[in-house]
Peer 1: 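Below: one structure in structure tokens.
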There are 2 protein chains.
Amino acid sequence: MESQKQKILETTHNLFFQCGIRSVSMDDISKDLSISKKTLYQYFKTKNDLIEQVLNWVLKNPKFNFQSEKLKNLNAIECYWKFHQFIIEILGNPHHSFDYDLNKYHPELALTFKTKKMEMFKADLIMNLNQGIKEGLYRDDFDKDIISNLLIRLYLGLWNQNLAVYNQDDKFTESFHRELTLYHLHGICSIKGVEYLKTVTDQ
Amino acid sequence: MESQKQKILETTHNLFFQCGIRSVSMDDISKDLSISKKTLYQYFKTKNDLIEQVLNWVLKNPKFNFQSEKLKNLNAIECYWKFHQFIIEILGNPHHSFDYDLNKYHPELALTFKTKKMEMFKADLIMNLNQGIKEGLYRDDFDKDIISNLLIRLYLGLWNQNLAVYNQDDKFTESFHRELTLYHLHGICSIKGVEYLKTVTDQ
DNA sequence: TAAAAACTATTAACCCAATAAAAGTTTCCT
DNA sequence: AGGAAACTTTTATTGGGTTAATAGTTTTTA
């Protein structure tokens, strides 16, 4: 039964993201679902397999795909403005015990998961850069690859604990993210783009 | 003899930055200096004390203080352009075994060292932001604190190993740093500033 | 007086076995 | 067929004892 497998993935995902991977045993999962481990192992060969499929399930989740189709009529700046509100969903929020366990006990899965997330993020970014350049709203004298990597690194750094050590104040607040977004847009906008941006933020 | 102490600090600094802290013993240091450990321990109570004084010596080193006195006649953009060339000296380059040892075996020293470096960096940044705003070259509608933190985080993230994992390509090259600097300047410049910036980079 | 060398005391890494938890399997039962 | 529970196997963690390295001290020597 395929819907049962989906149910297992969803429940396991919730347990993992709440409590971490290590502390959630296969017994816990089966009890939570009121199914037997036998059934569980019919769908998933090992726990590692289960984790991997949960990660893929997360990536396929519609909320992780920026719906650019709906934004066809928007220009690049407006589009990025929508985009930035959804970035946190993709990259964060850090579920610390989950991330910790994944990195420590399943480093290969952690790497491919992070890589895939980043690739999706980067693809969206590059698309936005291309659109903005075509529209004349963004400059065309920067390296799209470097700039997109910069931004990704910046976002990655935001969640990183030990980078934050030197200052506890800069929590990820709304105003912080707004500043970051404006900083980014100014960083890539042409003069025409900056002027347009002003009309957007002024209202 | 004060000059001998300076000599010790300098030599120890070189050894630490080359080989790390752990693998450089007090015997190694005294042998390298051709002095006895007895003499060494006259100046430094313990190895930890020695490390601490080396770190302070590094921070007091003139190359770590951005000499803004010499740049009085430059405007904020020119000034930052000089500044960015010297940033690498402050924050990097990562001497991996040194950083590793410092973080693992002397976490308190590592923390205060990093904090002090960041404070110095940030003070210079804020000064530059204030200058640029006063000159009308920078916008005045951003949060100086947030933006300077952003940039610091970005630079910190650059050295961070596990943030780079997803992509090996974006090494810290000259062109990479140039892109970053232009991105940053565009991010904070007013329209007047952007126009001025163009005349600088075009030449 | 200070270098060189020998010394002691600490400390951290290493190994190994015991233990406990949880992965994975089988049996029983409805 | 599938849930419940009992079962075996695997695995990671724990703690103790050993060793090696090196911090820190003392003695020797020039």
Side-chain angles (χ1 to χ4, degrees), chain A residues 1-55 96-110, chain B residues 1-55 96-110:
Chain A
M1 215 198 283
E2 193 58 21
S3 72
Q4 181 172 37
K5 184 169 179 180
Q6 292 301 315
K7 177 75 184 140
I8 295 175
L9 287 171
E10 191 184 337
T11 303
T12 307
H13 164 262
N14 290 336
L15 288 172
F16 282 170
F17 273 70
Q18 252 177 266
C19 319
I21 298 171
R22 206 72 200 304
S23 56
V24 174
S25 69
M26 297 299 265
D27 281 282
D28 293 334
I29 295 169
S30 62
K31 266 173 198 140
D32 198 276
L33 283 153
S34 299
I35 61 173
S36 71
K37 286 208 285 178
K38 195 202 265 177
T39 309
L40 197 52
Y41 278 99
Q42 274 169 12
Y43 294 109
F44 307 97
K45 214 171 139 51
T46 63
K47 188 181 185 182
N48 200 69
D49 182 33
L50 173 57
I51 298 165
E52 191 170 354
Q53 294 203 42
V54 165
L55 294 178
H96 286 121
S97 52
F98 176 80
D99 287 347
Y100 179 85
D101 287 354
L102 192 64
N103 282 305
K104 179 156 187 183
Y105 302 106
H106 311 274
E108 347 68 41
L109 293 180
Chain B
M1 214 198 285
E2 193 57 22
S3 72
Q4 183 173 36
K5 183 169 178 179
Q6 292 301 315
K7 177 77 185 137
I8 295 174
L9 286 172
E10 192 184 337
T11 303
T12 307
H13 164 262
N14 290 337
L15 288 171
F16 281 170
F17 273 70
Q18 254 177 263
C19 318
I21 299 170
R22 206 71 198 306
S23 55
V24 174
S25 68
M26 297 301 264
D27 281 281
D28 293 333
I29 295 169
S30 63
K31 264 171 200 141
D32 198 278
L33 284 155
S34 298
I35 62 174
S36 70
K37 286 209 286 178
K38 194 202 264 177
T39 310
L40 195 54
Y41 276 99
Q42 273 168 11
Y43 293 109
F44 306 98
K45 213 168 138 52
T46 66
K47 188 181 184 182
N48 200 70
D49 183 32
L50 173 57
I51 298 166
E52 190 170 355
Q53 294 202 41
V54 165
L55 294 178
H96 286 120
S97 52
F98 176 81
D99 287 347
Y100 179 86
D101 287 354
L102 193 63
N103 281 307
K104 178 156 188 184
Y105 301 106
H106 309 273
E108 345 68 40
L109 293 180

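Quick note on labels: first sequence line is chain A, next is B, and so on, each numbered from 1.
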Peer 1: Please identify which of these residues, A:Ile51, A:Val54, A:Leu50, A:Thr12, meets the side-chain contact (heavy atoms from CB on, under 4.5 Å) condition with A:Phe44.
Peer 2: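 Only one option passes, and that is A:Leu50.
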Peer 1: Find the distance B:Met26:CE to C:dT8:C1' and express it as a whole number of Å.
Peer 2: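 My rounded result for the distance is 17 Å.
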Peer 1: Anything under 3.5 Å between a protein N or O and an N or O of nucleotides 10-14 of chain C, put it in a table, one pair a line.
Peer 2:
unit_1: C:dA13; atom_1: OP1; unit_2: B:Arg22; atom_2: NH1; d: 3.4
unit_1: C:dA13; atom_1: OP1; unit_2: B:Tyr105; atom_2: OH; d: 2.9

Peer 1: Is a donor on one side and an acceptor on the other found under 3.5 Å between the side chain of B:Asp32 and the backbone of B:Ile29?
Peer 2: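 A pair under 3.5 Å: no.
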Peer 1: Let me know the distance between CD1 of A:Ile29 and P of C:dG24, rounded to the nearest Å.
Peer 2: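 It works out to 11 Å between those atoms.
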Peer 1: Are A:Asn14 and A:Thr11 close enough that a side-chain donor and a side-chain acceptor fall under 3.5 Å?
Peer 2: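 Not at all, the side chains of A:Asn14 and A:Thr11 share no donor-acceptor pair under 3.5 Å.
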Peer 1: Using the six-membered ring wherever Trp is involved, compare the ring planes of A:Tyr105 and A:Tyr100 and label them parallel, tilted or perpendicular (cut-offs 30° and 60°).
Peer 2: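 Perpendicular.
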Peer 1: Quick one about A:Gln4 and A:Tyr43 (side-chain donor to acceptor, distance below 3.5 Å, no hydrogens or angles considered), yes or no?
Peer 2: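 Side-chain D/A pair, A:Tyr43 to A:Gln4: present.
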Peer 1: Flag the pair B:Gln18 / B:Val24 as yes when at least one side-chain heavy-atom distance between them is below 4.5 Å, and no otherwise.
Peer 2: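 No, too far: nothing below the 4.5 Å cut-off.
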Peer 1: Expressed in angstrom and rounded to an integer, what is the separation of A:Asp101 atom CG from D:dT13 atom P?
Peer 2: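 Computing the A:Asp101:CG to D:dT13:P distance gives 11 Å.
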Peer 1: What integer distance in Å separates B:Asp32:CG from D:dT22:C1'?
Peer 2: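 Between C1' of D:dT22 and CG of B:Asp32: 17 Å.
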Peer 1: Do A:Asp28 and A:Ser25 have a side chain donor and acceptor closer than 3.5 Å?
Peer 2: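 A:Ser25 and A:Asp28 do have a side-chain donor-acceptor pair below 3.5 Å.
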Peer 1: Are OP1 or OP2 of C:dA22 and a side-chain N or O of A:Ser25 less than 4.0 angstrom apart?
Peer 2: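 Indeed not, no polar side-chain atom of A:Ser25 lies that close.
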Peer 1: Minimum heavy-atom separation for A:Cys19 and A:Ser97, please, with both atom names.
Peer 2: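 Minimum heavy-atom contact is C-OG, 3.7 Å.
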Peer 1: A:His106 and A:Asp101: side-chain donor and acceptor closer than 3.5 Å?
Peer 2: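 Distance-only check fails for A:His106 and A:Asp101.
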Peer 1: If I take atom NZ in residue A:Lys31 and atom P in nucleotide D:dA4, what distance separates them, rounded to the nearest angstrom?
Peer 2: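 Answer to the nearest Å: 10 Å.
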Peer 1: Nearest-Å distance, CD1 (B:Ile35) to C1' (D:dA30)?
Peer 2: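 Going from CD1 in B:Ile35 over to C1' in D:dA30 covers 18 Å.
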Peer 1: Expressed as a whole number of angstroms, how long is the span from B:Asp27:CG to D:dA23:C1'?
Peer 2: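 Checked: the CG to C1' distance equals 9 Å.
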Peer 1: By a strict heavy-atom criterion of less than 4.0 Å, which residues belonging to residues 38-54 of chain B are in contact with DNA chain D?
Peer 2: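 Those residues are B:Lys38, B:Tyr41, B:Thr46, B:Lys47.
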Peer 1: Please state how far atom NZ in A:Lys37 lies from atom P in D:dA4, giving the value in whole angstrom units.
Peer 2: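 To the nearest whole Å, that distance equals 13 Å.
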